[in-house]
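A short write-up of the structure that comes next.
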Amino acid sequence: MQADHHYTPRWGALCMLAAGLALTSQAPPPCPRSCRCGAAVPTANCSYARLAAVPERLPPDLTRLNLSRNAIRTLAPEQFGALTRLEDLDLSDNLLAYVEADAFVGLRSLLDLRVARNRLKVLPVGAFAGLSRLRLLDVSGNEILGFLDFTFRESAGLRVLKALQNDVVFVSRQAFAGLTDLRQLHLDGCNLTSVPTEAFVHLGGLTGLYLHRLESTVLPNYAFLCLARLKELFIADWPRLEMLSANSLVGLNLTSLVIRSCNLSSVPYAAFHHLVYLVHLDLSYNPIGYIQGNRLGDLLRLEEFHIVGGRLRRIEMATFHGLARLSLLNVSGNLLSTLEEPVFQSPGALRRLGLDANPLDCDCRLLWLARRRSSLDFGGGPPTCGALGRWDFLDYPAAEIAELLTCRPPHVRPHQPDLVWVEQGHMAVLHCNAEGRPAPSVTWRNPELRALTDVGRIRAVANGSLEVRYAQPQDAGPYRCVASNAAGNDTRSVELRVRALSKKKPFRLKSWLVALPSSSPDQREPPFDVKTLLIAASIGFLSFLSSVSVCFVAMFFWSKGRGQIKHTANIAYVPRSAPAGSNGGAGNYVETSRFTMKLM
Ligand SMILES: *[C@@H]1O[C@H](CO)[C@@H](O)[C@H](O)[C@H]1NC(C)=O
Ligand SMILES: *[C@@H]1O[C@H](CO)[C@@H](O)[C@H](O)[C@H]1NC(C)=O
Ligand SMILES: *[C@@H]1O[C@H](CO)[C@@H](O)[C@H](O)[C@H]1NC(C)=O
Ligand SMILES: *[C@@H]1O[C@H](CO)[C@@H](O)[C@H](O)[C@H]1NC(C)=O
Ligand SMILES: *[C@@H]1O[C@H](CO)[C@@H](O)[C@H](O)[C@H]1NC(C)=O
Ligand SMILES: *[C@@H]1O[C@H](CO)[C@@H](O)[C@H](O)[C@H]1NC(C)=O
Ligand SMILES: *[C@@H]1O[C@H](CO)[C@@H](O)[C@H](O)[C@H]1NC(C)=O
């Protein structure tokens, strides 16, 4: 409004005068009232002019026309008829709810058209007819529900299409047909539940695809076929996106990939592995917990890796092996306790490192950073460590840093006798109580020196102990726990002995009985439990008899219903009931019913 007051006296008076003149003479239409027109370059700035419609008469030689921030509601066909030199038209921030077909016909020089932040719900086919030179179209911030087939057929020269912040629900298959020169497409799905793969097929020239706010949980396989020239893929604010299928990015040869503010809980290594030209990777603001070692090696040209504001607790050793050009790592705002030098293939290539806002443990694992402090750019803030408050590498002289960043090698304290006995079938817990700085990690090896994991009957539990469940005689032997940290390792061996049960007893039966609370392992019992055998046998016999009798009853009703059909019944069941031969069905029935009654 202030601008309005400022400009109106100067231009307004002039324009009114000119308008008056225009009425009497046949001179070309002057600058419209309440617009500001450039003198040298024929431009008209009608922004904030409270226009309810496009001014009727506009200077025909205009090259730029700014109609933004008015109250224009409709555009009639051939609304701008004679402006054949117009190159830039801005209709943003109006109240346009509809654009008639052919509205822009005649604007044959138009390069940039902005219709952002209006109330468009649909772009009718033919709305952009005649705009053969159009390069940029911005329809962001409308209420567009979908893109219809052939909407852009007549603007085949389009290079950039921006359609952010709409309520797009569908993108029809041929919506982008003809846009073979399109370089950048900015789409905002909001209510779209899947990537419009088929519509993208027409965009062979696309180099940048920016997809915001889709409601998709999975990026499916082959989502971006035919986008062979695509260099930059940007996926952001898909709050439900939890995974990328292994072949989801097949066909792409990207240099930049951004998947921000989604719901990925792990790095989609498999989907990335063919992106050997990737330079820039950004997985920020995803709940990714850790990065596995040796899984990113295919990205051999990667220079920048951002994973800011996630839930990273650990970056495993050798994570960036193969990535000799990595010069920027930004992991600020995570839960990392350290970042060790051996995660990098060539730590010397690193120039920028974002490590601030992590709860770092300040010990010898960060010494390499202290040594590199003058050659590293820490960006937003220096690394800080919990124990020392805001601890800035640059604040301490080199000699002091070496004393601050210390480690203590692990020491396994004897916590348990070196010999542990367990009854067969019971559980033994072997302890490994290790201390050191940083807190050592504990691994267990079995008597065959195989490393034991956290699954299985014999498993290493998170607190460092080893559980041997349902101990068996063959489990006996020396178990080794190895506690290691950045400063070294320590080993302790515990001998496990298993007290075997009596050999006479049948194994299975015995182990069941052991599991019962009342039974005692020392109780002597006969080798075969006669009662159990009897019960088992009679259960089997009963079930046999009952199934036979059910069959006979069924056959009885069937034969009554069908009359004289008996032969099949005899053949199937006689051998076990009675040598009744193949005589009358009635006799057979009597015999069977007797049999059944016996059972009860
Ligand atoms: C057009 O006018 C508006 C309001 O007076 C002003 O804010 C804007 O900068 C102008 N634009 C150009 C390109 O001069
Ligand atoms: C799109 O989603 C928003 C919420 O995300 C909702 O308010 C709106 O009604 C939806 N529009 C359509 C057309 O479904
Ligand atoms: C993100 O994923 C987690 C499980 O991994 C799920 O519990 C949560 O609801 C998801 N968030 C959204 C917005 O879908
Ligand atoms: C992939 O892109 C790089 C440059 O970004 C280019 O040098 C290379 O030839 C492309 N590879 C294929 C197969 O298109
Ligand atoms: C890392 O990202 C954060 C947030 O985007 C930024 O403030 C910081 O400067 C970045 N650090 C580096 C080293 O680029
Ligand atoms: C470790 O946890 C297991 C159960 O998960 C327990 O039996 C064992 O006593 C614990 N060890 C220590 C040293 O607390
Ligand atoms: C333990 O440390 C020694 C050197 O002190 C080293 O040779 C050995 O490989 C280490 N073992 C493990 C399992 O880290």
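Counting starts at 1 for both ligands and their atoms, in listed order.
Cation-pi check for Arg313 over Tyr290 is not met; the charged atom does not lie both under 6.0 angstrom from the ring centroid and within 45 degrees of its normal. With Trp421 as the aromatic partner, Arg499 meets the cation-pi criteria of under 6.0 angstrom to the ring centre and within 45 degrees of the ring axis.
Counting heavy atoms closer than 4.0 Å to ligand 1, residue Arg64 contributes nothing at all.
Proximity to Glu467 (heavy-atom distance under 4.0 Å) selects the following atoms of ligand 6: 3 (C), 4 (C), 5 (O). Every atom of ligand 1 is numbered from 1 in the order shown, and the set under 4.0 Å from a heavy atom of Tyr48 is 4 (C). If you number the atoms of ligand 6 from 1 as listed, the ones under 4.0 Å from a heavy atom of Asn463 come out as 1 (C), 2 (O), 3 (C), 8 (C), 10 (C), 11 (N), 12 (C), 14 (O).
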Identify all side-chain donor-acceptor contacts of residues 176-184 below 3.5 Å with residues at least two apart in sequence or on another chain.
unit_1: Arg183; atom_1: NH1; unit_2: Asp181; atom_2: O; d: 2.8
unit_1: Gln184; atom_1: OE1; unit_2: His186; atom_2: NE2; d: 3.1

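Side chains of Leu264 and Leu244 form a contact here, defined as non-hydrogen atoms less than 4.5 Å apart. Under the 4.5 Å side-chain criterion, counting only non-hydrogen atoms from C-beta, Leu137 is not in contact with Val160. The closest side-chain heavy-atom distance from Leu328 to Asn330 is below 4.5 Å. Counting only heavy atoms from C-beta outward, the side chains of His274 and Leu249 approach each other to under 4.5 Å.
At least one heavy atom of Arg36 lies less than 4.0 angstrom from ligand 1.
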Arg314 and Glu316: CA distance, side-chain angles, deciding distance, salt bridge (Lys or Arg N to Asp or Glu O under 4.0 Å) verdict: CA-CA 6 Å; Arg314 194 155 46 96; Glu316 287 185 356; 3.0 Å; yes
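For the atom pair Ser132 OG and Leu134 CG, the distance stands at 9.0 Å (nearest 0.5 Å).
At a 3.5 angstrom cut-off on N or O pairs, Asn45 counts as close to ligand 1.
Closer than 4.0 angstrom to ligand 4 by heavy atom are Lys231, Asn253, Thr255, Tyr277, sorted by chain and number.
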